[in-house]
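First comes the structure, then the notes that go with it.
Chain A is the first sequence line, chain B the second, and so forth, proteins listed ahead of strands; every chain is numbered from 1.
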There are 2 protein chains.
Amino acid sequence: MRSNSVQTSSNPTFTESARRTQIMKCAIEVLAESGYSGASLAEIARRAGISKSVVLYYFSGKDDLLSSVVFDVYGRAGQAITEALSHEASPGEKIAAYVRTNLHFLEEHPADIRAVVEIVSNARGSDGTHSFVPQGEDPVLAHFEQLLREGQDGGEFREFDPHHLAIIIRSAIDTASGRLVADPSFDLAAYTRELLSVVELATGIHRSEESS
Amino acid sequence: MRSNSVQTSSNPTFTESARRTQIMKCAIEVLAESGYSGASLAEIARRAGISKSVVLYYFSGKDDLLSSVVFDVYGRAGQAITEALSHEASPGEKIAAYVRTNLHFLEEHPADIRAVVEIVSNARGSDGTHSFVPQGEDPVLAHFEQLLREGQDGGEFREFDPHHLAIIIRSAIDTASGRLVADPSFDLAAYTRELLSVVELATGIHRSEESS
DNA sequence: CTATGATTAGACCATGCGGTCAAACAGTGT
DNA sequence: ACACTGTTTGACCGCATGGTCTAATCATAG
């Protein structure tokens, strides 16, 4: 992954970086609107108003383009989350901030998330196995699981299975992007509120103002 | 949807019903193993040891085949859930049974669920919109939401938003099929246990033996 | 002006797709 | 023997895909 036809390393031309971001942006749009199967190189190029060859001039192939999109979006989302978590002290606050920031990023960049979901859940190698889904250990999930574990070790939380609870909460986060496109009336703010209270109840966090 | 080339109504020949179920079974296998894009008519036919034309002889097209698979699996799953719910009286018990039965069906028929997920999340019409995802109202979700609402109206539950809580819990159910294929060490029984306790906490169900 | 490298368009290609079609095969009643 | 229906095959078609290649364009340095 991550290899270009034109040299990427030293001298990214103005045109090159501009074209790359433009093509990635169009790819995201097409992926979000028409899904994985609708995101052909021809369609992406048409959207960008350029020839199909240009796409393959700046990306070594479709795999490279999709990898770059995933890498870019993951990077930006991860940065936002890391930044948000740094402002919180207690594990309980960190977890709430984690959930809030994830859904906030989705609210501001719905197409980006949809595109990544389309790629991750559909891109497969020639052997038929997923190209982006980590087989053994998912670092994103492991990170969140660690957050839960820290709160539990600090005695702040109730007894629960951090691994499986992490899966449950992350699924609630990940499903939101699908809801957002399927249901125009979906209220993301209300969903965030509900999910946050569920997370509080599920972790059994000790908060003075929350105990009923 | 649901139209065949050969007459389906009155006289389903022995060969016909046998072939149809065989083809659907192979389609499910291929979908579960190789995903939507890997599930070509040629591959399904190869798996069944028959010619591609036979598939199109018993199904009017690929859409018909995939529709039939979704219809079949949904029917069997729905039947199992309805049956399980009929044995429970209180809303709290019904909801627990709902979650348990969903995950139990997944445990016994993982390929069927994977296949349906692949179809539902990937099949799109010529206009690019999803073919199986209901745009406005999802009956599956609405049914579960109604269960939550009944428990709430009965005063058995805490205050929560039934619609959004239904989405959260269903997402936890739906994510399990993906985990099952991505992580061979995934412990579905432990996951079910954890999810059931989260559901209890989230609904705030009043149970004598559960209050801490 | 010219040479050079970056950039672009468009023709082209092999492959795989869903689907059609005519012909052959198998059984069964007459 | 015949016809008839159900069943199966393999050749074939039109189309879209990801990708290659050649030639033309553009900018800029000499």
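- V55(A) places none of its side-chain heavy atoms less than 4.5 Å from the side chain of R19(A).
- Side-chain polar atoms of R149(A) and Q152(A) form no donor-acceptor pair below 3.5 angstrom.
- The pair R179(A)-D138(B) meets the salt-bridge criterion, with a side-chain N (NZ, NE, NH1 or NH2) lying under 4.0 Å from an Asp/Glu carboxylate O.
- For Y57(B), the side-chain atoms get nearest to dG6(D) when compared with the rest of dG18(C), dT7(C), dG6(D).
- Across residues 42-55 of chain B, K52(B), S53(B) each have a non-hydrogen atom less than 4.0 Å from an atom of DNA chain C (numbered order).
- We find that CZ of F14(B) is positioned 23 Å from P of dT5(D), with the value rounded to whole Å.
- In this structure, CZ of F59(B) is placed 13 Å from P of dT7(D), rounded to the nearest angstrom.
- The nearest whole Å value for the distance from the OH atom in Y58(B) to the C1' atom in dT20(C) is 18 Å.
- Atom P of nucleotide dG10(D) and atom CG of L56(B) are separated by 15 Å, given to the nearest angstrom.
- With sequence neighbours left out, the side-chain hydrogen bond (donor to acceptor under 3.5 Å, both in side chains) criterion links T129(A) to D127(A).
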Validation: residues 26-44 of chain B side-chain donor-acceptor distances under 3.5 Å, sequence neighbours left out:
{"from": "E29(B)", "atom 1": "OE1", "to": "R47(B)", "atom 2": "NE", "distance (Å)": "3.2"}
{"from": "E33(B)", "atom 1": "OE1", "to": "R47(B)", "atom 2": "NH2", "distance (Å)": "2.8"}
{"from": "E33(B)", "atom 1": "OE2", "to": "R47(B)", "atom 2": "NH2", "distance (Å)": "2.8"}
{"from": "S40(B)", "atom 1": "OG", "to": "E43(B)", "atom 2": "N", "distance (Å)": "3.2"}
{"from": "E43(B)", "atom 1": "OE1", "to": "R46(B)", "atom 2": "NE", "distance (Å)": "3.3"}
{"from": "E43(B)", "atom 1": "OE2", "to": "R46(B)", "atom 2": "NH2", "distance (Å)": "2.9"}

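- Counting to the nearest Å, the C1' atom of dT7(C) and the CD1 atom of I23(A) are 11 Å from each other.
- In this structure, L41(A) atom CG and dA9(C) atom P are separated by 15 Å, rounded to whole Å.
- For the OP1/OP2 pair of dG6(D) and a distance below 4.0 Å, the side-chain nitrogens and oxygens of R19(B) include no atom meeting the criterion.
- Put simply, NZ on K62(A) is 11 Å from C1' on dA16(D), counting in whole angstrom units.
- The side-chain tip of R76(B) does not point at the ring of F105(B) from less than 6.0 angstrom away and within 45° of straight on.
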